[in-house]
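Scroll down for the structure; my scribbles are underneath it.
Just so we're on the same page: letters track the sequence lines, and every chain starts at 1.
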2 protein chains.
Amino acid sequence: MGDDTSQTGKRDRESTERRIVSAVLDLMENEGFDAVGINAVAARAGVSKVLIYRYFGDLEGLMRTAAEQLRGITPDISLRVVECANEHEQLSPESLMRCTVLELRRSVEDNPLLRRLLVWELTEDNAMTRLTTELREESGLDQTEAFSRLLAELRPDNNTDVPALLALVTAGVFFLSLRSDSVRYFNGLDIRSDEGWQRIADAAADLMRHL
Amino acid sequence: MGDDTSQTGKRDRESTERRIVSAVLDLMENEGFDAVGINAVAARAGVSKVLIYRYFGDLEGLMRTAAEQLRGITPDISLRVVECANEHEQLSPESLMRCTVLELRRSVEDNPLLRRLLVWELTEDNAMTRLTTELREESGLDQTEAFSRLLAELRPDNNTDVPALLALVTAGVFFLSLRSDSVRYFNGLDIRSDEGWQRIADAAADLMRHL
DNA sequence: ATTTTATGTTACCGGATGGTGACATGTCAA
DNA sequence: TTGACATGTCACCATCCGGTAACATAAAAT
């Protein structure tokens, strides 16, 4: 008792499908993407794998369905960036950049599933990665838009290539966050510590002084 | 005829070992790291897999040996950066940064095995990734050292945190290069085209204007 | 010439994988 | 009550995996 659907747990297709999809996400997050196989999913869902084929066709169909659950996985940090910048100092290009780096890092660090997805997108091309890649691209453009707008308010005459700049910075934060899972140091910096990330954020912020 | 060791191909342990190790690198580069298994290696080397166990113990032993062949895989671009900067414009913090980005990108782009390794290091922790990670770290520190020295000559009074800055930039270039293998656009930029990379390099260079 | 040793091959093992057919049973309509 | 259908289980398949024992043979040592 106490199970998700202990009463209707039997012969309830909806509940079963939900358990299967949850098992996929659970496996991805905790065991890694190559642990997501028919047998493993069925076992973790506590369900016969035949049902997976019946309800989702094949593994790709399951993935496609599971991917729908991932809408919203990509972080929208625009709000938090502004909060952060206003919190510790007044809003400025420097604080904007510093907080972008720090909040971006935090959102990746706090989200194991997102990290798994970012790596997966580097290695596989399937229904799931295509969708999450798309979502990420949209969210990145939003983020860039917000940054551009704020920067234009602060420095109306600047002609910074914000998309290119943010592409490099977010890519850098992504890579360093992912890397910190397996290796502690990168270029001598401790990328597992807040101090290391402070240095990175400060270095990035420092560059905005030219405005 | 024409084969590497057609004359001594039979019952020549050295030659056989070399073929096995080559098969590992070949598979990694062309099929990806999870294609590297005992059976696949033996098949590609045209050799019975029993020999792999006899000569290398197990898969990890093979990996350790193969990793030795990877010394030198990490690019040293210090020289080319200076060449590049002197070529198109005079040496300056801006040109230094621009050429660092472009040369770094080129070296990753031109080296499929390096790209595979970079991804692998994000997902697995074994004898091979530990070694290549170490090598990369050393090379990154050298690169940082060279950059710092040049920058100190150009702007003796600057106090830029070069390690932190280069960590973010190289990480960004790595991620975008890896990503371009599977997705064409990132943040609206075409990361498969030279134009896209020009924008990124320019954006990074632009930031150095504050010096 | 004979034995020993190193090199190489064949055939097999247990286990995991993705996938399918046959069967059991709860649910609901006629 | 009876029959149709959806839901779920069990047993099995071929295939691949890493790993090993047994055997064959070329080369070197005696």
Return the nearest nucleotide to the side chain of B/Y55; candidates are C/dT10, D/dT9, C/dG8.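 Of all the options, the side chain of B/Y55 is nearest to C/dG8.
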Nucleotide nearest B/D58 (side chain, heavy atoms from C-beta), chosen from D/dC10, D/dG19, D/dT20: D/dG19
Separation of atom [atom1] in [X] from atom [atom2] in [N], rounded to whole Å:
| X | N | atom1 | atom2 | value |
| --- | --- | --- | --- | --- |
| A/R13 | D/dC5 | CZ | P | 16 Å |
| B/E14 | C/dG8 | CD | C1' | 17 Å |
| B/E17 | C/dG8 | CD | C1' | 14 Å |
| A/K49 | D/dA11 | NZ | P | 13 Å |

Nearest non-hydrogen partners of A/G46 and A/R19, listed with the distance: O-NH1, 4.2 Å
Is [X] close enough to [N] that one of its side-chain N or O atoms is under 4.0 Å from OP1 or OP2 there?
| X | N | value |
| --- | --- | --- |
| A/N39 | C/dG18 | yes |
| B/R11 | D/dA26 | no |
| A/T16 | D/dG8 | yes |

Side chains of residues 136-143 of chain A: which donor-acceptor partners sit under 3.5 Å, not counting sequence neighbours?
unit_1, atom_1, unit_2, atom_2, d
A/R136, NE, A/E121, OE1, 3.2
A/R136, NH2, A/E121, OE2, 2.4
A/E137, OE1, B/N187, N, 3.0
A/E137, OE2, B/N187, N, 3.1
A/E137, OE2, B/G188, N, 2.7
A/Q143, OE1, A/S78, OG, 3.2

Applying a 4.0 Å non-hydrogen cut-off, can you work out what B/L51 is touching in the nucleic acid: base, sugar-phosphate, or nothing?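 Answer is base: heavy atoms of B/L51 come under 4.0 Å of a base.
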On DNA chain C, more 5' by nearest nucleotide between A/R54 and B/G46 is B/G46
